[in-house]
Amino acid sequence: MDKTYQPHAIENQWYQTWEEKGYFKPNGEGDPYCIMIPPPNVTGSLHMGHGFNNAVMDALIRYRRMKGDDTLWQVGTDHAGIATQMVVERQLAAQGVSRHDLGREAFLNKVWEWKEQSGGTITRQIRRLGSSVDWSRERFTMDEGLSRAVQEAFVRLHDDGLIYRGKRLVNWDPKLHTAISDLEVENHDEKGHLWHLRYPLADGATTADGKNYLVVATTRPETMLGDSAVAVHPEDERYRSLIGKFVVLPLVNRLIPIVADDYVDREFGTGCVKITPAHDFNDYEVGKRHNLPLINVLDKNAAILPGAQIFNVDGSVNAQVDSSLPTQFAGLDRYEARKQIIAAFEDVGLLEKIDDHALKVPRGDRSGVVVEPWLTDQWYVSTKPLAEPAIAAVEDGRIEFVPKQYENMYFSWMRDIQDWCISRQLWWGHRIPAWYDANGQVYVGRNEAEVRAKYNLAADLPLQQDEDVLDTWFSSGLWTFSTLGWPEQTDFLEKFHPTDVLVTGFDIIFFWVARMIMLTMHLVKDDQGQAQIPFKTVYVHGLVRDSQGQKMSKSKGNVLDPLDIIDGIDLETLVQKRTTGLMRPQDASKIEKQTRKEFPDGIAAYGTDALRFTFCSLASTGRDIKFDMGRVEGNRNFCNKIWNATRYVLMQCEDQDCGQDGSQDYELSVVDRWIISKLQLAEKTVCTALDTYRLDLAAQAIYEFVWDEYCSWYLELSKPLLWDENASAAQKKGTRRTLIRVLETILRLSHPLMPFITEEIWQKIKPLAGATGDTIMLSRYPQADESRVDKQALNDVAWLQAIILGVRNIRGEMKIADAQKIPVLIKNGSADDQQRLNANQQFLRKLAALESITWLSPEATAPMSATALVGQMEILVPMAGLIDKEAEIARLTKESARLEQDIAKTEGKLANAAFVDKAPAEVVEKERNRVVENKIALEKLREQIEKMNAL
RNA sequence: GGGCGGUUAGCUCAGUUGGUAGAGCAAUGCCCUUACAAGGCAUGGGUCACAAGUUCGAGUCUUGUACCGCCCACCA
């Protein structure tokens, strides 16, 4: 074996073997256990969040597989409508071509081409991460089967009255020219202005304070072209008399009414609000209440009336909306129009003032531009009826969130859910299965033929399919069952649905989790016709952030590719990777500087297992992860530790009798029984942690057991046993057997978190450990056996350790090199101590590097020594030539100060009558013993200090 | 404006039902000891954000405050 662990030498080979042999597939035996991968964007590449997500899922699935469950980890990718279309459009734009130049069909061919070309990146990455997904069942949201499921779901929901087409205000993205759902709008605080505009009163009316105009305050002055009213609060004394009167809309010179509506907040601004029903969600509602005009200019059949939409698809001012509109603004971009409209107000003396104002600006999450409320026909899912059972499923515990607090987030959103706009004016996606006749009558069905039959349409009636596609999340929402073959009643659907756990970040609870629950419960029924849930548990993990706690994003230039941590990357390549393809190329120099500072030597190659173990150990619930490269390095070292422990074990066991034949002629020493006991405890901790989704605790328990107990203590303790010429063959065999079998168990215990190194080593040692089977992947997961916990051995070794630590402390403080063997005297020991000493001398000699151990009778006089205490027993290291008097006094003084402090504290507690009265007897007893023991120890230390001083 | 989470060693984080605070990294000192210098041994370092309360006893439970972060919401 190499002297250090070389992950690259083994990872690819093992993954290939596993995959070829079909180990990832369900084997048809045991209880079904299923996890659905959150499908990544087929044309994207995996980031750290995916790496984390995959590490968690693979740990869970490998754990359950080894426990004997019939596991299915369903893999696949998402077509990611907007994101993918944007990428391809950007590529075309670089060649000066727009999608409209190509036309729909040619454009879609381009996207498919890109999908084919790019799709391998993701799947290659998933393989490199070691994820044990069933590749034979890989799906894509736009493949034939899933498209059929989408169609089926749409038609059924429509026929059930849960999908409808409606004309209403939607969030319009003027850059992407499509509607988006509420969730795709991000509201950010931005600095803006509040413009105070004067609207002259008509018919000579005046305000209470004698002005002949009203002042409206607005953050969006350019929308005034579409104003159809001014609203005041019904009980606002300042304006009460004006309700029902009119103002003249400046620049447009149209009369608009003053209406009363308690939507208006009297305290804010001037208490007068301009109402633009076609361009603001609130105003839309006000407009409906007051029958204010509101007409969509895109609707060719509609009359052009005041209040119509004043913007075009791209947010420029609509020239044709209304012949009364001043023509000088036509065609201007909305922000240019704003400037000119303000200037025009100023020209006519109607601009009262401009205040600075902080406001929430709604931006499209993909395009980043300010979205425009816009009136169009769109398809909607009626969510209220779907939400009800979906809420109940979480309330009654059929679906459980881990950690629990996310249920509140889910409830609060679901209880106030708005209808979901599912149509998108894109080309890449599932085309909506709806057809129109020349009169705009809509027919929904699985295909044109079905539509004609279903609605009794003449064969020659011209029908036109809806141009729009569905929101990507509509198909994602079917993921748990569409991938299993729905709408067919397949065996897989029968067996694996509902799935067991969904592992995901909190950022997509609304986008994905909530919608999956709603859609699944409506569309999928069990044998009794009851609604099926998509999954029993939702394990919600945090976001992976950079070392500064910043969200990772391409534009910040702080993204890390998990593969670069696995394979390593040099600085120049990393800089190049981070600075190419930026949305804002001007950020490049800043990103370069920052990257060079954070990774002056690039990133070392740490291997998959180190990365995965790090993800797991950072996976505590309910908080984000600040990714720390130091942890990866530490865990790479941990892999190396296991590797080298194996080298040692093999040196001891190879070509030796380790009981691999199952023979019983071996003896277990106290340390053998000790490590076996500790192993049971570790197994229990790890299993409990995995069962409760505490991968961090599982990782910690494994780390501590392997490094601190197995390596630091047991391997060292095994040396005096195996190297003892007087030890019997049975004893040596017992130790070799324990060495190799505990190691083999460690590998199985760690496999879900570190699949590669454990398989590699397991294959090397399995014959010696008497293990069988072709792969560790399918071997049995260790299970704690309480009957193998040997209390006596635990106590004996704790005693040993205390002595060794005492001597080492003297050694360390006195700077005695380990190479120098020292004599030790033992005084004041009990009969038990003496017996233990006799039985365990060899261990003490080796681990404390002792030259001799001498048992002193209580009467014997000892030479001047440095002292360590183990209970009543004194461990003495004679000072002659080794130890400096002052240093020893200092050491003893430090120790006694510590004891004094402890005694004072404990005595204070015991002096409190209330404590003695009310605390449980055993707690009081413990404190009493503590004082007694510490006092004896302190007394000894003081005597020792006195003796030193007398020298 | 509501709701949630966080605040523990220089850094990143654990801390189970209240019983004297732990790990990794970093630091310091000594060691190339025959598994491992990606290592060994030892050491230092924390009024658990602040305040009050409950309790014999609070990092842990209650209330409030501060700061940080997130989610939701119609204040033009």
Side-chain angles (χ1 to χ4, degrees), chain A residues 1 3-5 187 194-195 216-220 223 231 263-265 267-276 280-286 357 359-360 403 405-406 408-409 411-413 416 506-507 509-510 542-543 547 549 604 606 610 614 617-618 620 622-631 633-652 688 692 694 696-697 700 703-704 708 711-712 715-716 719 723 805 808-819 849 901-902 905-906 909 912-920 922-924 926-927 930:
Chain A
M1 283 175 79
K3 207 170 168 184
T4 53
Y5 174 53
N187 291 297
L194 195 57
W195 285 270
V216 298
T218 180
T219 55
R220 299 220 40 205
T223 63
Y263 152 70
V264 178
D265 176 357
E267 307 302 316
F268 188 88
T270 59
C272 297
V273 186
K274 61 192 247 359
I275 300 296
T276 323
D280 182 282
F281 288 99
N282 299 312
D283 293 6
Y284 180 77
E285 296 301 322
V286 176
H357 184 63
L359 72 162
K360 294 275 188 194
Q405 72 251 23
Y406 285 106
N408 291 327
M409 206 167 121
F411 287 139
S412 66
W413 189 72
D416 190 31
F506 64 87
D507 50 328
I509 286 182
F510 303 145
L543 252 47
S547 55
Y606 295 110
T614 303
S617 57
L618 291 172
S620 55
R623 79 194 283 165
D624 286 348
I625 287 181
K626 271 189 212 171
F627 194 80
D628 177 9
M629 211 58 85
R631 291 290 286 260
E633 189 173 344
N635 290 326
R636 188 269 319 256
N637 296 351
F638 179 54
C639 291
N640 193 49
K641 190 77 181 174
I642 297 176
W643 186 259
N644 276 290
T646 305
R647 290 179 61 221
Y648 166 77
V649 172
L650 284 177
M651 281 175 200
Q652 306 309 321
T688 306
T692 52
R694 288 302 303 268
D696 57 328
L697 299 182
Q700 193 186 341
Y703 189 100
E704 278 171 10
D708 299 339
C711 291
S712 293
L715 294 193
E716 294 308 319
K719 290 173 185 175
W723 299 348
L805 290 174
R808 281 178 180 174
N809 175 265
I810 292 171
R811 221 183 235 292
E813 295 280 287
M814 299 304 139
K815 307 208 192 320
I816 303 170
D818 291 3
Q901 218 178 5
D902 194 279
K905 217 166 161 185
T906 318
K909 225 170 172 181
N912 182 353
F915 171 70
V916 181
D917 273 2
K918 298 190 177 173
E922 55 184 62
V923 173
V924 177
K926 210 173 106 189
E927 297 298 310
R930 189 187 182 90

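Chain letters run A, B, ... following the sequence lines, proteins first and then strands; every chain starts at 1. Below, each value reflects all heavy atoms present in this structure, side chains not excepted, and no hydrogens, waters or symmetry copies.
Residue A:N637 places at least one side-chain N or O under 4.0 Å from the OP1 or OP2 atom of B:G39. One finds no side-chain N or O of A:N644 lying less than 4.0 angstrom from the OP1 or OP2 phosphate oxygen of B:G39. Distances shown here put a side-chain N or O of A:K3 below 4.0 Å from the OP1 or OP2 atom of B:A37. Residue A:T219 has no polar side-chain atom (N or O) positioned under 4.0 Å from OP1 or OP2 of B:A76. Between A:K918 and the phosphate of B:C56, there is a side-chain N or O to OP1/OP2 separation shorter than 4.0 Å. Contact check, A:H357 against B:A76: a side-chain N or O comes under 4.0 Å of OP1 or OP2. Under 4.0 angstrom from either OP1 or OP2 of B:G40 there lies at least one side-chain N or O belonging to A:K641.
Atom CG of A:D708 is separated from atom C1' of B:A23 by 9 Å (rounded to the nearest Å). As a whole-Å value, the separation of A:N282 CG from B:A76 P is 9 Å. Distance CZ (A:F638) to C1' (B:C36): 13 Å, rounded to an integer number of Å. Protein atom OH of A:Y703 is 14 Å distant from nucleotide atom C1' of B:C13, rounded to whole Å.
A heavy-atom distance below 4.5 Å is not found between the side chains of A:H357 and A:W195.
Across all strands shown, B:G46 forms no Watson-Crick or G-U wobble pair with both key distances under 3.5 Å. The partner of B:U17, taking Watson-Crick or G-U wobble pairs whose two distances both stay under 3.5 Å, does not exist in any strand shown. Nucleotide B:A38 is matched to nothing when pairs are restricted to Watson-Crick or G-U wobble geometry with both distances under 3.5 angstrom. Under the Watson-Crick or G-U wobble criterion, with both distances below 3.5 Å, B:C67 is paired with B:G6.
Residues A:I625 and A:C711 each lie close to RNA chain B; by heavy-atom proximity, the contact nearer the 5' end of the strand is made by A:I625. Residue whose closest nucleotide on RNA chain B sits further toward the 5' end, between A:A817 and A:P920: A:P920.
Closest contact between the side chain of A:S712 and the listed nucleotides B:C72, B:A76, B:C41 involves B:C41. The listed nucleotides are B:G19, B:C13, B:U43; the one nearest the side chain of A:F915 is B:G19. Of the candidates B:C41, B:A14, B:A42, the closest approach to any side-chain atom of A:R623 belongs to B:A14. The side chain of A:A919 lies closest to B:C56, out of B:A38, B:C56, B:U43.
Rounded to a whole angstrom, the distance from the C1' atom of B:C25 to that of B:A38 is 14 Å. Between the C1' atoms of B:G1 and B:C61, the separation comes to 29 Å (whole Å). Rounded to whole Å, the C1' atom of B:U65 lies 34 Å from the corresponding atom of B:A26. Distance check on atom C1': B:C11 versus B:C72 gives 34 Å, rounded to whole Å. Distance check on atom P: B:U20 versus B:C4 gives 32 Å, rounded to whole Å. Using atom P as the reference point in both B:U55 and B:U16, the two lie 23 Å apart (nearest Å). B:A9 and B:G24: their C1' atoms are spaced 12 Å apart (whole Å).
With hydrogens and angles ignored, the 3.5 Å screen pairs no side-chain donor or acceptor of A:N809 with any backbone N or O of A:L805.
The shortest non-hydrogen separation linking A:R694 to A:D696 is NH2-OD2, 2.8 Å.
Residue-level contact check: A:F281 touches neither bases nor backbone, having no heavy atom under 4.0 Å from any strand.
Residue A:T906 places a side-chain atom within donor-acceptor reach of the base of B:U20, judged by atom type and a 3.5 Å distance cut-off alone.
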